[in-house]
Structures are given as structure tokens and as C-alpha cells.
Novice: 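If you scroll down you'll find the structure; I have some questions about it.
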Amino acid sequence: RENAAVAETVAFSDSSIFAYSDLNHTSVVGLRQRAQQCAQVATVAWEELDLCACSSAPLHGLIRPVEGLGSPGSNLLAFPGECNFSGMRSNLGMIHRLRESKFRWRVLLDAAKLASSAELRLNEIEADFVCVSFYKIIGYPTGLGALIVRHDAAHLLADTHCARGATSPHYFGGGSVAAVAATSDFAVPRPALWEQLERGTPHYMGIMSAVDGLLGMRSPMVVMAAHAQAVTRSVYQAMTAMHHGNGTPLVKVFGNHASSNWRQSQGPTIAFVVLDADGIVVPYTRIAKAAREQSIILRVGCMCNPGACQRFLGIDDLQLRENYAAGKVCSDDNDTVNGKPTGGIRISFGRMSTWSDARRWLRFLKGYVDHGEVTVALPRVVLPVDASAPEVEGTITGLAVFPVKGCRAMRPQAWPLAEDGGLVLDRHWAVYKTAGRFPLNLKGCPALAKITVDLRDAAGSLVLEASAVGFGVVHLPLPDPAAASLVKHIHQLSPAQATGFAVDEWFSNVLGMPVTVKGGSSQANAPNTMLCVSHQSLLRTEEVTGVQMPMPRFRANVEVADFPAFSEIGWARVMAGEVALEPRGMCARCPAVDVDSATGQRTECQSILAALATARPGGDGRGPPKMGVLLRGTGPGLLRVGEQVIAQAAQGSPAG
């Protein structure tokens, strides 16, 4: 709100410049929407801010050359005192030079992050406008901040005329005018600037709470800042000392922590990504989800700082637009697009942080060294059935089992359920880079699409035979429980071919890199479930988006037809023949839907994920786009193609 007050009221002319740092919070970047109605807008790289005091200021994005711009007193430069993403701190000593430069910059200092953990001496900082957040300083209440205005800059907010002949969208509300008429444009603002900038009833309860909160800060800010910085430094040193067994660092940290003057240039924030043993970024949602299970709350994503995300993650403007086309939107859980991260992780420390908090975080993070992330159990959720809801009926039109994650599917006519509730052998094996922690998938390794798998009879014993054109075959022995179940239900198998390869050797040859095949517990993203996708839901989505939705792209285990479109959203109880199934929630889709499972090639146009993200068919508009429902078997049984499926909706569900 404080930044918005400046945007709505500052006086620009068509020769004015509004420039902002690339590390600004979104609320500061948003000022350009108002400024560009009258002024020229430009961005400045954070490390080049002090050069704006020179005659050849490094401004990017200007419509006209700098020499023809810059009316004295009407140019505004906005930058953060401390980057809310990385904690990098600006040199506030340059503000005097900026104000005295050729451009006579007026300076908007976003001190929301800085003021929470550092002294802010207004008698030494010559910024014209300073924004602070009481929420960040004392932790309560949200939505309460302050815009601090220098007396010699106050007139800039009182004049709202735009030199191009337009009138700015200056808003006034209750309390900001001395007199106003509804039948004409007569309006007289109150004489005091703070009254003119009011936007309705002030947050009285919040203001009183802030007073108590500030009084409760018994230690001087310099003492609290030193404590926060000491904790941060210790945690940073411990994190950067963690390495995998092969020497790969566990984390990549952003900011000025490694600078020789880190005490002045770095705040008590650590922004980073976690790396696996191959140096590949671990998706931040995995880290955040596992941390929540241990009551550790992390801030992940871009932290409302698009420029910092672009800078530290190497995302250029074209890639940002491509990410959006692939379904990535702010604040969703889509942490990876085309194999590249879309955000990071941030931990911050303050006056209330303790050494025990720090040690707890480090113990959690250490679990990612070499072996394994913290596993997250899928909770058992049983939805109450709406007895009055009519049953809907459909048919199983296809079954697909993916024994090796990322490889082609087997398409049997019948298949047994495993004791854990999924399909026998589904995602039982996965392929890992040597010393890698996360399985390869079709998005990151298109060559997996070359590999076909099927059951074969090897001298009376069942084996899983993997084959690829030009590479022969290899056999994966079946675990005893799966073999026993399949022998009971599956008959008339073709004989297995002879092979002279070891499993890892064969897969390494096909994929062109050293890999290891691991089997055991389910390697699926949603273990112990099966994915069910409705033909009618895909057809309806095609009608809405105009983009084809081929069923194979969704890699469903159970394909059904004849149900009303999107009725699966509200299912609470499902019977497939005599097999009882529990719905476990809708399946969040990722860029894998844009990869052809037969070729491993990515769709170059008409992105399915982008279409789902735009239309949000059958969804609630929150999180990543969804398609298909996850089901879990409640006991042993056999699913068959052609079998009738009966579903009933949950209480309060609109579907069904």
C-alpha cells in the first residue's frame, strides 16, 4: 500500500524517468504500471545502482535515449535496502550522490526487509520516500506499514498532473477529502499530506498492536541485528560445509555471504537451492513438504521478487514466458519446467531466532546428504459418502502398467492389485544416474521412451523383459510376492529371449550414460495408488481449450469412459467389478504431459499443460492444473478391461 501511494500520486512528466532495480519486490515493480502512463520506465541492475549518479546512467528498457530525458526533480529511482529474496544489502551511502547527480534522482527506498533486522537512521539516509513494514519488524499485524516522506519531497505527492494531458488515477476515500460532491468533479483534499493519502478507515487495532510490539522490543536494534547475523553466519557456514560423498556441495547459496564485507552487504537471510550428488537441483516443493512433516516451515518459490529469481536461477525473459506457457504461475507448486528450477528456498533469522532452531534445521538438511530425502507418508483420508447422490457408471477401457518409471507401458487386459493398494509392479523399478538421488523421468531423459517392457516366461519362471531396438534385451527378476500374484492371474506368456547383459550395463548402453536400476518400494510420485483418467473429461477439455488431449500423454493406469466429464472430482467411493477403490485426490499435472511417451519428444506448440493451466477444467483454480483421480485399492483383486465401474460422490461435492 505504501508503494502504491507513491505510484498513484507522484508527479511525472513525459520527460521524466522512473527506474527500478532488478532486485525489487513485486510491489515496487508494479509502480511501472502507473509511471509508464506519463514517464519513461527503465530497469537498473542492482550492482549498477551507484552508476545512476553518472551522466551515462545504465538504464535498460528506455524508449528514448537518456540524453533527451530527465527533467530535474521529476525522476524517481526505486531500490530495496535489502533484497527480500537473497538478503543482499544496498549501499545507502550512494543516495546523496544520486540526489545530487545530473538526473536529480528522487529516491524511493523499500526498507521493508532492511528495517526488520538493521538500524534505519533517517537523519543519515536522504531518501525521499522510505517504506517500512511493521509486520516484518515485530511479526504482527499483517498489512500494516508506513510511508515516510521527506518534507522537501512532499509536494511531489500533492501534484497529480500528467504532462501528456491525462489525469492520474488518484484515488480518494473516506477521511482524505475536506469536501466532495457526487454530482460534479468538485473535491477538496484535506490540507495534511497524511490525510490526503488515507485509503478509508485506518487500521486502528493494528496500530495499537504495533505500539505494544515496538515497546516489547527491549533490546536496541543493533543488539538484535548482531544476534540475527551471528545465527545466520553460523548456519551459512554449516550449510556450505555439507557435501555429498563424491564432493558435490549439498547447497548452492545466493547473496553476498562469501563477500569480504558480508557484515555490511548481507542481511540475516539465506537463499539457496539443494543439489543432489550429480549437482542437479532438488525440486523445492519436495524439500518444503518434507520440512513441514517435521514442523519446519520454509518460504519457497520466487518470494514475490521476480528479478532476483531470474538473476540467481538464470531465467531470461524468453524462458519466463515459456514457463508461463507451460503452466507455471506465481505461487503454484510447479517447481521445475523443462528440467530447470523455477524458484528457490529461503530461511531468515531475526531477534526471536534461537540456536536450537538453527541446529534443528541443520539436522533436517543433513538428511539430504548422499542418501535420501525425508519420505512423506500419504495420509489415509476417507471421504463421507453422500447417500442421496446418484451413482454414476462407466467402463474400464484400458489398463496400463509402468514397471520401470519413465519407460513404455504394458497394456494388459487384466491386472492384479498389490497389497499396498496400487497395481502389482507399477513403478517398481526406476533408473538413477550413478550416485544420483532422484530417479530419471521422461522429461529429463527422453531416451527412456526407447525401452519397451513386458512379461515373459523364462523356463517356467516369470521375468520382466526390457528391450530396445538395436540393443537386444535384458531380464529383471520379479520379486516373489509379485510373481506369485501374476502366476495366479496371467497366463499364455511368450518365451523370454536369451540375454548376456547385466541390468545396469544394458540400461547404461541404451541411455548413453552410466546408470543404476533400483527396485523395491514404489518409485511413483504418489506411491501405492493408481491414476484413473476419464475420456469424457479429456474430450470436454479439448472442447474448452481447442488443444488435443491424447490419453497416453497422461500416463494413466486405469482409463475409463462413459462417466460425466469431471465427475471424478467428487468421487468418494468406487467399485470396479468386485474391487473397492478409495479416491485419494486429484492428480497435479507437470510438464511431462507435453512429452510424447512413445518418442520422448516434447510438444513444440499447443502445450497441453498451458491449456490445462489456462482453462483449469474441473479444478478450483488453486495450485498446479489437475487431471485424473488417484485411486487406492482396499484389498486384493483383479481389474479387467471392459469391467463396469460404479462411483458415488462425497458429501457436499458438486460432481456426480
Novice: The test is side-chain hydrogen bond (donor to acceptor under 3.5 Å, both in side chains); show your working for T285 and D335 and say whether it passes.
Specialist: CA-CA 7 Å; T285 55; D335 52 22; 2.2 Å; yes
Novice: Can you list everything that forms a ring-ring contact (aromatic ring centres under 6.0 Å, His included) with F272? Sequence neighbours excluded, please.
Specialist: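 F272: ring-ring contact (aromatic ring centres under 6.0 Å, His included) contacts with W361.
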Novice: Given L108 and L76, is the side chain to side chain contact (heavy atoms under 4.5 Å, CB included) satisfied, shown in steps?
Specialist: CA-CA 7 Å; L108 168 60; L76 182 65; 4.1 Å; yes
Novice: Under the salt bridge (charged side-chain N to carboxylate O under 4.0 Å, His left out) rule, collect the residues that match up with E47, sequence neighbours excluded.
Specialist: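 Testing E47 for salt bridge (charged side-chain N to carboxylate O under 4.0 Å, His left out), a comparison that skips the adjacent residues, returns R311.
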Novice: Less than 2.5 angstrom apart at the SG atoms, yes or no, for C302 and C309?
Specialist: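 Yes - the two cysteines, C302 and C309, have SG atoms within less than 2.5 Å of each other.
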Novice: List in chain and number order the residues that pass ring-ring contact (aromatic ring centres under 6.0 Å, His included) with Y284, two or more places apart in sequence or in another chain; answer none if no residue qualifies.
Specialist: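 ring-ring contact (aromatic ring centres under 6.0 Å, His included) check on Y284 returns nothing, list empty.
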Novice: Hey, mind stepping through I345 and R299 against side chain to side chain contact (heavy atoms under 4.5 Å, CB included) and telling me if it holds?
Specialist: CA-CA 6 Å; I345 304 171; R299 182 72 189 271; over 6 Å; no
Novice: Between the main-chain N or O of Q294 and the side-chain N or O of R360, is there a donor-acceptor pair closer than 3.5 Å?
Specialist: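 Yes, R360 side chain to Q294 backbone: donor-acceptor pair under 3.5 Å.
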Novice: The criterion is side-chain contact (heavy atoms from CB on, under 4.5 Å); which residues satisfy it with A112, sequence neighbours excluded?
Specialist: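 A112: side-chain contact (heavy atoms from CB on, under 4.5 Å) contacts with D110, S133, K136.
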Novice: How long is the straight-line distance from CH2 of W105 back to CZ of F18, given to the nearest 0.5 Å?
Specialist: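 Nearest 0.5 Å value for the CZ-CH2 distance: 9.5 Å.
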Novice: Going by side chain to side chain donor-acceptor pair (under 3.5 Å), name the residues that satisfy it together with E100, two or more places apart in sequence or in a different chain.
Specialist: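 E100 satisfies side chain to side chain donor-acceptor pair (under 3.5 Å) with R104 once adjacent residues are dropped.
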Novice: Cut-off 3.5 Å, side chains only: do D357 and T354 have a donor facing an acceptor?
Specialist: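 A pair is found: one side chain offers a donor N or O, the other an acceptor, under 3.5 Å apart.
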Novice: Ion pair present between R99 and D128, side-chain N to carboxylate O less than 4.0 angstrom?
Specialist: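 Salt bridge present between R99 and D128.
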Novice: Checking V41 against Y20 for the side chain to side chain contact (heavy atoms under 4.5 Å, CB included) test, could you report, in this order, the C-alpha distance in whole Å, the side-chain angles of both residues, the deciding distance, and whether it holds?
Specialist: CA-CA 8 Å; V41 176; Y20 59 92; 3.8 Å; yes
Novice: For R97, is the CZ atom crowded, meaning more than 12 foreign heavy atoms sit under 6.0 Å from it?
Specialist: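 Yes, CZ of R97 has more than 12 neighbouring heavy atoms, counting only those of other groups under 6.0 Å.
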Novice: Under the rule for ring-ring contact (aromatic ring centres under 6.0 Å, His included), what residues qualify as partners of H257, not counting sequence neighbours?
Specialist: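 Checked H257 against ring-ring contact (aromatic ring centres under 6.0 Å, His included); matches are Y236.
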Novice: Would you find a donor on one side and an acceptor on the other, under 3.5 Å apart, between the side chain of S90 and the backbone of L92?
Specialist: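 Side chain of S90 to backbone of L92, a donor-acceptor pair under 3.5 Å: no, none is there.
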Novice: Applying ring-ring contact (aromatic ring centres under 6.0 Å, His included), name anything that partners F129, two or more places apart in sequence or on another chain.
Specialist: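 Not a single residue meets the ring-ring contact (aromatic ring centres under 6.0 Å, His included) criterion with F129.
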Novice: For the atom pair CZ (F364) and CD1 (I296), what is the distance rounded to the nearest 0.5 Å?
Specialist: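 That separation rounds to 6.0 Å.
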Novice: Going through the checks in order, is the side chain to side chain contact (heavy atoms under 4.5 Å, CB included) test met by L362 and M242?
Specialist: CA-CA 10 Å; L362 292 171; M242 294 182 186; 4.0 Å; yes
Novice: Using the test side-chain contact (heavy atoms from CB on, under 4.5 Å), find all partners of K340 that sit at least two apart in sequence or belong to another chain.
Specialist: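 Result, side-chain contact (heavy atoms from CB on, under 4.5 Å) vs K340: Q319.
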Novice: Applying salt bridge (charged side-chain N to carboxylate O under 4.0 Å, His left out), which residue pairs with at least one partner in residues 80-93 are found, sequence neighbours left out?
Specialist: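 Qualifying pairs, neighbours excluded: E82-R89, E82-K113.
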Novice: List for me each residue that meets salt bridge (charged side-chain N to carboxylate O under 4.0 Å, His left out) alongside R150, sequence neighbours excluded, and say none if there are none.
Specialist: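 Counting only residues at least two positions away or on another chain, R150 forms a salt bridge (charged side-chain N to carboxylate O under 4.0 Å, His left out) with D152.
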Novice: Checking V223 now: which residues fulfil side-chain contact (heavy atoms from CB on, under 4.5 Å) with it, not counting sequence neighbours?
Specialist: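 Testing V223 for side-chain contact (heavy atoms from CB on, under 4.5 Å), a comparison that skips the adjacent residues, returns S219, P220.
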Novice: Heavy atoms, side chains only, cut-off 4.5 Å: are I148 and L122 in contact?
Specialist: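 Yes, at least one pair of side-chain atoms sits under 4.5 Å.
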Novice: Which pairs would a plain distance check flag for residues 178-188, meaning a side-chain donor or acceptor within less than 3.5 Å of a matching protein atom at least two apart in sequence or in another chain?
Specialist:
residue, atom, partner, partner atom, Å
S184, OG, F186, N, 3.3

